[in-house]
2 protein chains.
Amino acid sequence: MEAVMATMQDVARLANVSLSTVSYALSETRPVTAATKARIEAAMSELGYHRNAAARSLASHRSHVLALIFPAMQQGLGGTVTEFVASAADTARQSGYQLVLWPFGATQSREIRDLAQQGQADGVLLMEVRLDDPRVEALRKAGVPFTMIGRTARVDDLSYVDIDFTRTTEDAVAYLTDLGHERIAFLNHSQASREEGYGPTVRAHDGYTAAMRRRGLVPHAILCDESPGAGRTAMSELLAGDPDLTAVITMNEIATFGVTVELQSRDLQIPRDVSVLAIVTSPGVGAMSHPPLTTMHAPGAALGRLGVQSLLALLQVGETPSTDPVLLPCPLEPGGSTGPVPPERRR
Amino acid sequence: MEAVMATMQDVARLANVSLSTVSYALSETRPVTAATKARIEAAMSELGYHRNAAARSLASHRSHVLALIFPAMQQGLGGTVTEFVASAADTARQSGYQLVLWPFGATQSREIRDLAQQGQADGVLLMEVRLDDPRVEALRKAGVPFTMIGRTARVDDLSYVDIDFTRTTEDAVAYLTDLGHERIAFLNHSQASREEGYGPTVRAHDGYTAAMRRRGLVPHAILCDESPGAGRTAMSELLAGDPDLTAVITMNEIATFGVTVELQSRDLQIPRDVSVLAIVTSPGVGAMSHPPLTTMHAPGAALGRLGVQSLLALLQVGETPSTDPVLLPCPLEPGGSTGPVPPERRR
DNA sequence: TTGAAAGCGATACCAA
DNA sequence: TTGGTATCGCTTTCAA
């Protein structure tokens with residue numbers, strides 16, 4: 001271990017080239033002979049050389065830092081968020097960027113704007129985007145490139161990656177109708193989330209409703225707080241509304257626990273009597289129930305990776321989104337909670 | 001909004017002082033007359049001045065960045081981790097530091113060492129520390145100050161903040177014995193976690209066992225996978241082992257769902273027949289059950305704040321931990337799942 | 001209490 | 001294809 005860190009000048013000296021040649025060899029922004037490049041690389045590894053990040057930033061006017069605006073609150077089985085963050089950090093690192101955390105909620109667009117204007121980050125990843133989100137305006141005013149994870153109601157030409165709720169709910173309904181189901185209910189997130197303009201709640205509701213209507217089926221959706229207790233109650237209400245329902249799609253991880261409990265307590269077997277399909281879940285939740293749930297997983301890792309990639313693409317060209325917006329479906333993971341409609345209930 | 005960012009030189013000119021005086025006024029590292037300071041501040045706000053982070057780092061040899069080594073995997077109701085991360089990021093920011101994410105698992109000590117040696121961060125926060133963790137050695141070799149969240153088996157003079165499992169399990173047992181309970185079981189994390197050297201599993205087990213023995217009571221602990229199904233099974237086994245048990249302490253959020261289900265399915269009412277005390281939980285989980293659980297919350301936010309503060313203290317003095325190690329108990333949150341021993345079962 | 005100036009370690013322009 | 005060098009914006013030593 002060297003007592004003091006080697007500089008680019010040291011490398012140049014050892015490789016018998018000029019400082020600038022070393023710089024160009026490293027950045028590959030100017031042709032360098034294979035031979036000299038080899039000498040440089042040898043010198044670098046002999047000295048254990050690493051580019052000084054601060055000097056690079058100062059000279060190049062780029063921080064090589066991406067900021068992730070990280071929602072402070074939150075409860076839930078955070079599997080998806082964790083996956084997302086880890087994947088984003090990893091992708092950034094592999095691309096030569098650091099991912100820093102800016103812990104700001106939807107109300108702190110002022111702070112966001114300040115930090116962004118200081119040029120602390122080359123680009124920003126905005127999580128938990130609301131349908132009408134003030135932070136979007138703040139970032140635009142600050143003039144910092146950013147990519148949304150999720151999306152506002154109007155996306156204009158903003159860069160974003162999001163779950164494709166239309167496709168996911170359509171796939172869910174299709175999967176169940178293929179099994180013969182027609183009376184399919186939908187258990188959504190909470191009323192509160194809807195009122196806050198939480199995109200998934202609104203988009204999944206619309207997607208489910210459209211998918212049902214398209215097939216001439218009657219949608220039956222319910223909003224539900226995030227607790228097993230609320231899930232039990234909601235399941236009761238759904239059964240009260242339609243005692244003959246044969247399937248329920250849930251998009252509420254915690255409440256789903258209550259759904260299965262309520263069905264069991266009524267001696268309705270899963271999936272013999274009622275099929276349960278949990279959508280937009282995180283890995284592992286399916287295995288937490290008996291029988292293991294059939295699920296459609298939120299692609300947390302993919303969102304993280306693609307979010308960073310979209311943002312980096314933005315930085316390259318500087319202007320309008322160079323990558324198309326990304327919408328990912330939730331892939332189906334077969335489980336034991338869905339099955340064909342019981343013959344006696346078929347009509 | 002200024003087209004180009006103001007520099008310190010601009011501020012100096014406008015305030016009629018030298019560049020260095022501005023610098024000293026900002027860092028408060030040399031006396032500056034109130035009058036001149038006022039002029040400087042006026043100039044700064046007029047220009048909307050912000051210190052350039054890269055230039056500062058280059059000249060001062062400090063990055064003003066703290067790295068958080070972030071475990072890639074993980075499932076669980078991540079409430080505590082999320083709280084921790086948000087709190088750490090916030091505390092860092094308020095202290096003039098950025099928090100960056102280094103997504104490395106316990107097996108990637110090599111990568112950690114490389115990054116650390118490049119001086120990318122002034123200090124490191126190490127999460128999810130194992131009892132015998134190779135990353136600790138890597139960080140020591142890299143010569144970067146670091147604070148552990150959790151702790152190795154031997155802490156020597158390392159800096160750390162952790163949950164006080166001894167105190168928490170003691171408090172849990174005391175709370176239940178005060179209610180008259182004597183037959184108190186403990187449902188722990190998984191066998192796998194124990195074998196991986198996961199500190200909480202080991203320390204809570206020991207703490208519970210000691211607390212029981214100290215009172216002349218017989219400990220009855222069981223390891224349990226993280227799923228409601230495993231929780232049901234484990235609860236069954238506990239009841240098979242001691243049909244007369246009147247209370248169970250759980251430290252396994254997901255499994256606890258199964259515990260309550262199993263008790264209900266046996267017509268054992270909570271808390272009339274059996275008390276359930278969930279320890280080291282995250283906010284919100286208590287409310288997810290019926291009745292709402294009595295819990296002892298993991299102090300996620302406090303750990304984040306204190307972890308950063310300990311690390312910053314380390315940076316100040318440079319050498320051995322200047323702050324004492326921090327051990328935090330989990331405060332009790334009263335709920336509806338614990339009560340006195342039923343009279344007929346008292347002996 | 002204040003000022004002048006020498007770095008910090010890269011990038012990127014201008015020449016050769 | 002390579003070299004020389006001005007420059008980025010700040011910290012900090014040395015003088016006044």
Side-chain angles (χ1 to χ4, degrees), chain A residues 2-41 43-44 47-65 96-98 117-120 122 315, chain B residues 2-41 43-44 47-65 96-98 117-120 122 315:
Chain A
E2 306 73 30
V4 69
M5 220 154 240
T7 73
M8 200 173 258
Q9 185 61 259
D10 298 331
V11 174
R13 216 155 8 225
L14 188 59
N16 259 309
V17 295
S18 77
L19 170 60
S20 55
T21 298
V22 177
S23 177
Y24 286 116
L26 230 34
S27 62
E28 301 190 307
T29 188
R30 189 169 93 170
V32 172
T33 314
T36 49
K37 192 163 189 174
R39 290 214 316 285
I40 290 173
E41 273 161 5
M44 291 201 303
L47 295 173
Y49 171 78
H50 288 292
R51 261 223 277 347
N52 179 305
R56 188 148 90 113
S57 296
L58 179 58
S60 66
H61 303 282
R62 321 176 89 267
S63 63
H64 285 263
V65 162
Y97 282 77
Q98 298 258 30
Q117 281 179 333
Q118 294 179 39
Q120 297 270 28
D122 292 340
L315 300 189
Chain B
E2 306 75 29
V4 71
M5 221 157 238
T7 74
M8 201 175 256
Q9 185 59 262
D10 298 332
V11 174
R13 215 153 11 223
L14 187 59
N16 259 310
V17 294
S18 79
L19 171 59
S20 55
T21 299
V22 176
S23 178
Y24 286 117
L26 230 34
S27 62
E28 302 191 308
T29 189
R30 186 169 96 169
V32 172
T33 315
T36 49
K37 191 163 189 173
R39 291 213 315 285
I40 290 172
E41 273 161 4
M44 291 201 305
L47 295 173
Y49 171 78
H50 289 292
R51 257 217 290 342
N52 178 307
R56 187 148 88 116
S57 296
L58 180 56
S60 65
H61 303 281
R62 323 177 88 266
S63 64
H64 284 262
V65 163
Y97 283 77
Q98 299 257 29
Q117 280 179 334
Q118 294 179 39
Q120 297 270 27
D122 293 340
L315 299 188

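Below, chains carry the letters A, B, ... as their sequence lines are ordered, and counting in each starts from 1.
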Gap between atoms CG and C1', on B:Leu19 and C:dA5 respectively (whole Å): 10 Å

Roughly how far apart are A:Asn52 CG and B:His61 NE2, rounded to 0.5 Å? 9.0 Å

Interatomic distance where CD1 belongs to B:Ile40 and C1' belongs to C:dT2 [whole Å]: 10 Å

For the side chain to side chain contact (heavy atoms under 4.5 Å, CB included) test, which of A:Thr21, A:Leu14, A:Asn16 pairs with A:Ile40? A:Thr21

OG on B:Ser57 to CD on B:Gln120, rounded to 0.5 Å: 10.5 Å

Here the gap from B:Thr7 atom OG1 to B:His50 atom NE2, rounded to the nearest 0.5 Å, amounts to 14.0 Å

Establish, with yes or no, whether the OP1 or OP2 oxygen of C:dT2 is under 4.0 angstrom from a side-chain nitrogen or oxygen of B:Thr36. yes

A:Arg51 CZ to C:dG9 P: how many Å, rounded? 15 Å

The side chain of B:Ser20 is closest to which nucleotide in this list: C:dA10, C:dA5, C:dC8? C:dA5

In whole Å, what is the span from the CG atom of B:Asn16 to the C1' atom of C:dT1? 16 Å

Give the rounded distance in Å between these two atoms: OH of A:Tyr24 and P of C:dC14. 10 Å

Closest nucleotide among C:dA5, C:dC14, C:dA10 to the A:Met8 side chain: C:dA10

How close or far is atom P of C:dC8 from atom CZ of A:Arg56, stated in whole angstroms? 20 Å

Test item: B:Arg56 and B:Met8 side chains (from C-beta on) under 4.5 Å apart, heavy atoms: no

Just verifying a value: how many Å separate B:Met5 CE and B:Asp10 CG, rounded to the nearest 0.5 Å? 12.0 Å

Length of the line joining A:His50:NE2 and C:dA10:P, which is rounded to integer Å: 12 Å

Can you tell me how far the OG atom of A:Ser18 sits from the CD atom of A:Gln9, to the nearest 0.5 Å? 8.5 Å

For A:Arg30 and for A:Thr7, find the nucleotide of DNA chain C with the closest heavy atom, then tell me which residue's nucleotide is more 5'. A:Thr7

Upstream residue (5' side of DNA chain D) when A:Val32 and A:Gln9 are each assigned their closest nucleotide: A:Val32

Go through DNA chain D in 5' to 3' direction and return only the first and the last nucleotide with some atom under 4.0 Å of chain A's heavy atoms. D:dT1 to D:dG9

